[in-house]
2 protein chains.
Amino acid sequence: MVRKTKEEAEITRLHIIDAARRVFLQCGVSHTSLEKIAAAAGVTRGAVYWHFRNKSELFFAMREDAILPFVDRVVFDADDEEPLAGIETALLEIFRVLADEQKTRETLEIVSFKCEYVDEFLPLMGCSAGQQAFLDDLTRAYARAAARGLLRPGPTPEVLATDTFMFVGGLVKHWLEGEPESPFRQGAEDLVRAHVALRRA
Amino acid sequence: MVRKTKEEAEITRLHIIDAARRVFLQCGVSHTSLEKIAAAAGVTRGAVYWHFRNKSELFFAMREDAILPFVDRVVFDADDEEPLAGIETALLEIFRVLADEQKTRETLEIVSFKCEYVDEFLPLMGCSAGQQAFLDDLTRAYARAAARGLLRPGPTPEVLATDTFMFVGGLVKHWLEGEPESPFRQGAEDLVRAHVALRRA
DNA sequence: GTTTATACAAACACGGTTGTATGTAAATAG
DNA sequence: CTATTTACATACAACCGTGTTTGTATAAAC
């Protein structure tokens, strides 16, 4: 076996992560053996165990590889003139990423439907950190809109943000579980716009 | 071993289903062996294999045991005077059942977070049948409300129903993944009421 | 009252998966 | 240029978990 340079080794590592994502998506995390992943990556289990301590560590690496860039994408610009437009843009961006970026979509599919949250996976159920930050951003954006008098009277910014948070959670879930031609995928943008419009004064 | 009467055998079957639910919830479906379930039920694998062909069949039995009664619970009464109140009642009923009925809650937790949708489990991802019926019921209820002029002008009943559908999907998910003292659990009823109120004319 | 089917327990055979240990050629350090 | 570490491949040992088979006491059928 030819010993690889550091750069080649890093490429091998990424190939293993890519292969893991493909096999996880098809077989589910639990029913995926490291042998399957190695074969899909064109290496042996030796390579996998060299780069990762076990399947869990590989799973976490795969997850961070796609999820971390994702949360950075969805930003709420603090445009005080049009906070509602900012919310709309942020939400639309979520579904644009889902539609355009295969890696992110597949990873979300895996963490949503192809893995079991027990033992070491339990703490990342609901991705506590990221989700809470998202909800907080939403709340602040609605508060800015309320301060500008752009909202319908009635619900507080907190309640509006939570309602939107649930809406997004449900839509992402149904978006992911649907086929590409699913109505929830086709109509996601319109739904987002209607959702935000319902809050306008 | 003493041969059991039919009634005793049926009790054994239910004990196995109960044990399966407990172990599935703790270990995840994939990491649950039939030996674990048998031990938790106080029997051997022989009894499990007598009542069920394999783990999949046991899983489906457990699921139907709790999910079927659940969907029957959430009904939209066709009260044409107050269709929005009917929607609100139906939604509140969902979270009442989640809070009050352990078996249903645990089963939903399992199908949401403790199982992987691959192979034979793939078709029941999203429970296509039940979900679509729920969405249809919602749409009809909003259509009745629209006919009575009870809705804010703007979105169609279809869009409103889909928005509510996503809201419920997200809230159920976050409700389940939260601790008992989670704000999403405590505030679920208020969120439902605020959600419906946002649609009132 | 026999016979038969039932409701399991116990034993068996088998493959799959894991982690580790060992081998090794080439890259890198000195 | 030599020594050492790297980046794997290969081989090994151990353990589950599964499905099936066999055994058996008893309930139910006739």
Side-chain angles (χ1 to χ4, degrees), chain A residues 1-62 110 114-116 118-121, chain B residues 1-62 110 114-116 118-121:
Chain A
M1 217 349 75
V2 284
R3 153 94 193 269
K4 310 291 186 60
T5 73
K6 278 181 186 169
E7 295 77 21
E8 289 172 320
E10 181 58 20
I11 289 175
T12 300
R13 199 186 111 97
L14 296 178
H15 279 172
I16 292 172
I17 289 182
D18 272 7
R21 182 167 16 251
R22 290 200 306 274
V23 185
F24 283 159
L25 185 63
Q26 202 198 346
C27 306
V29 174
S30 300
H31 294 92
T32 295
S33 66
L34 293 184
E35 171 63 36
K36 278 184 191 171
I37 294 175
V43 296
T44 67
R45 275 170 53 240
V48 177
Y49 274 104
W50 173 256
H51 287 284
F52 309 93
R53 258 191 312 159
N54 48 38
K55 193 165 72 175
S56 297
E57 199 177 292
L58 173 51
F59 173 82
F60 285 113
M62 176 216 69
I110 292 167
K114 274 89 164 76
C115 91
E116 303 179 354
V118 291
D119 301 331
E120 59 242 84
F121 293 87
Chain B
M1 224 340 83
V2 285
R3 154 91 193 274
K4 310 288 185 62
T5 74
K6 279 182 185 168
E7 295 77 24
E8 288 173 319
E10 181 58 22
I11 290 176
T12 300
R13 199 186 111 96
L14 296 178
H15 279 172
I16 292 172
I17 290 183
D18 272 8
R21 180 166 20 249
R22 290 199 306 273
V23 185
F24 284 158
L25 185 63
Q26 202 197 347
C27 306
V29 175
S30 300
H31 294 93
T32 294
S33 66
L34 293 184
E35 172 64 33
K36 277 184 191 171
I37 294 175
V43 296
T44 67
R45 273 171 52 240
V48 177
Y49 273 104
W50 173 256
H51 287 283
F52 309 94
R53 259 192 308 161
N54 48 39
K55 193 164 72 176
S56 296
E57 199 177 294
L58 172 52
F59 173 81
F60 284 113
M62 177 216 70
I110 291 167
K114 274 91 167 72
C115 93
E116 303 179 353
V118 291
D119 300 332
E120 59 242 84
F121 294 86

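Lettering of chains follows the sequences in order, A, B, ..., and the numbering in each one begins at 1.
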Novice: For E8(B) and dA27(D), give me the distance from atom CD to atom C1', rounded to whole Å.
Specialist: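 For the pair E8(B) CD and dA27(D) C1', the rounded distance is 10 Å.
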Novice: Taking only residues two or more places apart in sequence, or in another chain, which ones meet N54(B) in a side chain to side chain contact (heavy atoms under 4.5 Å, CB included)?
Specialist: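 Only S56(B), E57(B) meet the side chain to side chain contact (heavy atoms under 4.5 Å, CB included) criterion with N54(B).
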Novice: Report the relative orientation of the aromatic rings in F60(B) and F121(B); use parallel for angles under 30°, tilted for 30 to 60°, perpendicular for over 60°.
Specialist: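 F60(B) and F121(B): parallel rings.
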Novice: If you only use heavy atoms from C-beta on, which nucleotide in dA27(D), dT6(D), dC8(C) is closest to the side chain of W50(A)?
Specialist: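 Output: dT6(D).
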Novice: Of the non-hydrogen atoms in T32(B) and K36(B), which two are nearest, and what is the gap between them?
Specialist: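 Scanning both residues, the minimum pair turns out to be CA-CD, 4.5 Å.
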Novice: Report, as a single string ordered 5' to 3', how protein heavy atoms within less than 4.0 Å touch nucleotides 10-20 of chain D: B base, S sugar-phosphate only, - not at all.
Specialist: B------SBBB
Novice: If you compare every side-chain N and O of K6(B) against the phosphate oxygens of dA5(C) (OP1, OP2), does one of them come in below 4.0 Å?
Specialist: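 False: K6(B) side-chain N/O out of range (4.0 Å or more) of dA5(C) OP1/OP2.
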Novice: I need the NE2-P distance between H15(A) and dC8(D), as an integer number of Å.
Specialist: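 My rounded result for the distance is 11 Å.
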Novice: It should be established whether T12(B) places a side-chain nitrogen or oxygen under 4.0 Å from OP1 or OP2 of nucleotide dC8(C).
Specialist: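 The answer is yes; a side-chain N or O of T12(B) sits under 4.0 Å from OP1 or OP2.
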Novice: To the nearest angstrom, how far is E7(A) atom CD from dT28(C) atom C1'?
Specialist: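 It works out to 12 Å between those atoms.
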Novice: Picking from R21(A), H51(A), M62(A), what satisfies side chain to side chain contact (heavy atoms under 4.5 Å, CB included) with I16(A)?
Specialist: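 Exactly one pass, corresponding to H51(A).
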Novice: Give me the atom names and distance for the closest heavy-atom approach of K55(B) to V29(B).
Specialist: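 Scanning both residues, the minimum pair turns out to be NZ-O, 2.9 Å.
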Novice: Please report, rounded to the nearest Å, how far the C1' atom of dA27(D) is from the CD atom of E10(B).
Specialist: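 Between C1' of dA27(D) and CD of E10(B): 16 Å.
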Novice: OP1 or OP2 of dA7(C) versus the side-chain N and O atoms of H51(B): is any pair under 4.0 Å?
Specialist: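 Looking at the OP1 and OP2 atoms of dA7(C), neither is under 4.0 Å from any side-chain N or O of H51(B).
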Novice: Taking atom C1' of dG16(C) as reference, at what distance in whole Å does atom CD1 of I37(A) sit?
Specialist: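 After rounding, the reported distance stands at 15 Å.
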Novice: Once you round it to whole Å, what is the distance between P of dT24(D) and NZ of K4(B)?
Specialist: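 To the nearest whole Å, that distance equals 19 Å.
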Novice: Is a donor on one side and an acceptor on the other found under 3.5 Å between the side chain of E116(B) and the backbone of S30(A)?
Specialist: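 Between the backbone of S30(A) and the side chain of E116(B) there is a qualifying donor-acceptor contact (under 3.5 Å).
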